Q: 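Dropping the structure in here first, questions after.
Since we're looking at a predicted model, the values are computed, not measured. To find a chain, count down the sequence lines: A is the first, B the second, and so on, and within it residues start at 1.
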Number of protein chains: 2
Amino acid sequence: MRLVVARCSAHYTGRLSAHLPLATRLIVVKADGSVLLHSDGGSYKPLNWMSPPCAMAVREPDAQAAERGVSAVWTVQHAKSDDRLEIELHDVLHDSAHDLGVDPGLIKDGVEAHLQTMLAAQIELLGAGHSLVRREFPTAIGPVDILARDAAGGTVAVEIKRRGEIDGVEQLTRYLELLNRDPHLAPVRGVFAAQEIKPQARILAKDRGIDCLVLDYDAMRGVDDVDSRLF
Amino acid sequence: MRLVVARCSAHYTGRLSAHLPLATRLIVVKADGSVLLHSDGGSYKPLNWMSPPCAMAVREPDAQAAERGVSAVWTVQHAKSDDRLEIELHDVLHDSAHDLGVDPGLIKDGVEAHLQTMLAAQIELLGAGHSLVRREFPTAIGPVDILARDAAGGTVAVEIKRRGEIDGVEQLTRYLELLNRDPHLAPVRGVFAAQEIKPQARILAKDRGIDCLVLDYDAMRGVDDVDSRLF
DNA sequence: CCATTAATTTCGTGG
DNA sequence: CCACGAAGTTAATGG
């Protein structure tokens with residue numbers, strides 16, 4: 001990894017055209033050839049970049065560019081497309097290279113898939129007497145996260161989101177519409193389950209007769225831990 | 001901006017829990033307090049990060065951590081939520097600080113809004129004799145990108161995308177369904193316009209009786225230049 | 001390898 | 001300030 005802090009301007013052409021006026025920025029050149037141009041604020045997204053696979057060519061500025069104060073021109077060309085990033089370097093304030101090695105990568109926990117697994121294992125969170133039919137119950141318009149039966153034998157369709165917003169309720173509504181056409185399943189009740197349910201989503205769900213269930217991730221994980229001790 | 005290259009591990013808790021095992025990484029601390037942890041590959045997304053507004057606290061490792069080789073612990077706490085990123089620094093291979101100043105920001109060109117403006121100005125690309133009714137024609141389910149009339153006086157609804165995919169055709173289908181209920185407008189013909197149209201989207205459009213129009217950005221811009229010379 | 005969907009998405013725009 | 005949609009989205013997953 002090479003780190004360069006320099007006054008520079010940049011031009012990108014590819015899926016769009018974009019230009020960065022002259023300013024001081026961090027330029028990161030990664031081991032795989034990818035390049036990031038970062039400013040000293042904003043979020044994690046660079047001002048401009050080139051994704052791998054790509055290769056960088058360095059050349060001297062022409063007379064006109066040199067006149068403008070350009071000390072070097074870096075052209076980063078994507079290997080499989082016409083995407084190209086051209087950086088004009090002026091003053092270089094810092095330049096260092098570092099051997100980082102391969103990263104073992106991020107280990108995640110608490111995403112939607114995990115919530116689904118845990119809710120399936122703790123299906124009585126839907127209410128006493130509920131039983132799991134199956135996870136990822138297939139329908140013509142896609143799989144329903146969880147299909148269950150309640151104590152009275154009625155069918156329950158569950159849509160799980162990490163954060164419950166309106167589009168999740170819409171999704172569940174479409175599933176319910178379809179499932180309720182199946183005489184073997186109908187009537188099917190809907191449950192919208194999420195770690196956090198936005199007020200608007202809650203209102204829409206209520207309007208559609210869909211129950212809301214807030215999932216307490218830590219509590220569910222705690223139960224999982226207890227379960228795992230039994231084995 | 002502070003640049004640190006160090007062997008480190010990290011732990012994030014907030015909207016999810018995530019862990020980074022010990023490895024050598026780039027740590028960027030921006031002027032607004034935000035922190036990025038980058039590996040030497042992948043795309044522009046960091047392995048882990050904290051978005052602004054946030055603040056970092058540095059503390060000495062406890063005896064146990066020191067035993068494991070930890071030289072310092074950085075805790076980055078988000079100002080408005082419970083999001084927290086904790087970094088355990090082991091060997092520090094590089095540490096430098098740089099004053100970058102405020103960035104003038106990226107200037108973009110060739111996005112959907114621009115395509116819409118240009119197509120409105122060159123409405124005959126839809127076919128000879130077409131005239132513009134209006135851009136962003138409002139409907140109950142959202143604005144139609146362009147509404148026009150063809151040579152025969154028939155209504156034409158245009159959906160514009162940079163890249164034409166299936167969901168764009170679905171969107172236009174919903175608009176057409178709604179517009180065709182209005183006796184003042186019906187029958188309304190649909191045109192799906194994009195710089196690039198995916199095969200699946202083209203097939204779906206054809207199936208729905210929607211015409212496809214590939215927009216040549218450079219050619220359209222060329223015409224725009226000619227137009228602007230007239231004024 | 002392609003299509004689909006989520007994301008600690010981020011980023012803009014318009015109400 | 002919030003909801004909505006696009007992004008040079010990126011990243012993971014399933015077929």
Q: Students often get this wrong, so: under 4.0 angstrom with heavy atoms, is Ile160(B) touching a base, only sugar-phosphate, or nothing?
A: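 No contact.
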Q: Is the closest side-chain donor-acceptor distance between His38(A) and Lys30(B) under 3.5 Å?
A: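 Checked: His38(A)/Lys30(B) side chains pair up, N/O donor to acceptor below 3.5 Å.
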Q: Quickly work out the Gln171(B) CD to dG5(D) P distance and round it to whole Å.
A: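 In whole Å, dG5(D) P lies 8 Å from Gln171(B) CD.
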Q: Rounded off to whole Å, could you give me the NZ-to-P distance for the Lys80(B) and dC2(D) pair?
A: 9 Å
Q: Rounded to whole Å, how long is the line connecting atom CZ of Arg174(B) with atom C1' of dG5(D)?
A: 12 Å
Q: Determine whether the side chains of Thr75(A) and Arg84(A) contain a donor N or O and an acceptor N or O closer than 3.5 Å.
A: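 Absent: no donor and acceptor within the cut-off.
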Q: Using atom names, set out every protein N or O paired with an N or O of nucleotides 10-14 of chain D below 3.5 Å, distance rounded to 0.1 Å.
A:
residue: dT10(D); atom: OP1; partner: Ser51(A); partner atom: OG; Å: 3.3
residue: dT10(D); atom: O3'; partner: Ser43(B); partner atom: OG; Å: 2.5
residue: dA11(D); atom: OP1; partner: Ser43(B); partner atom: OG; Å: 2.6
residue: dA11(D); atom: OP2; partner: Ser43(B); partner atom: OG; Å: 2.8

Q: What is the separation between atom CG on Leu106(B) and atom P on dG12(C), rounded to the nearest whole Å?
A: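 The distance from CG of Leu106(B) to P of dG12(C) comes to 9 Å, rounded to the nearest Å.
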Q: 5'-most contact on DNA chain C: Ala18(B) or Pro143(A), nearest heavy atom basis?
A: Pro143(A)
Q: Rounding to a whole Å, what distance do you find between Ile203(B):CD1 and dA3(C):P?
A: 10 Å
Q: Look at the aromatic rings of Trp49(A) and Tyr44(B) and report parallel, tilted or perpendicular, splitting at 30° and 60°.
A: perpendicular
Q: Taking only the side-chain nitrogens and oxygens of Arg162(A), find out if one of them lies under 4.0 Å from OP1 or OP2 of dT9(C).
A: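 Result: yes.
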Q: Students often get this wrong, so: under 4.0 angstrom with heavy atoms, is Met50(B) touching a base, only sugar-phosphate, or nothing?
A: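 The answer is nothing, as Met50(B) stays clear of every strand by at least 4.0 Å.
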Q: Distance check needed: dA6(D) P versus Glu136(B) CD, whole Å only.
A: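 So the two atoms are 11 Å apart, to the nearest Å.
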Q: Of all heavy-atom pairs between Asp145(B) and Gln116(B), which one has the smallest distance, and what is that distance?
A: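 Looking at all heavy atoms of both residues, the shortest contact is OD1-NE2, 3.6 Å.
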Q: I need the minimum non-hydrogen distance between Leu172(A) and Val191(A), along with the two atoms involved.
A: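 Looking at all heavy atoms of both residues, the shortest contact is CD2-O, 3.5 Å.
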Q: Can you tell me if Gln171(A) and Lys161(A) form a side-chain donor-acceptor pair at under 3.5 Å?
A: yes
Q: Quickly work out the Asp145(B) CG to dG14(C) P distance and round it to whole Å.
A: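 One finds 13 Å between P of dG14(C) and CG of Asp145(B), rounded.
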Q: If I take atom CZ from residue Arg202(A) and atom CD1 from residue Ile197(A), how far apart are they, to the nearest 0.5 angstrom?
A: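 Interatomic distance, Arg202(A) CZ to Ile197(A) CD1, rounded to 0.5 Å: 5.0 Å.
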Q: What is the distance, rounded to the nearest whole Å, between atom CD1 of Ile107(B) and atom P of dC11(C)?
A: 17 Å
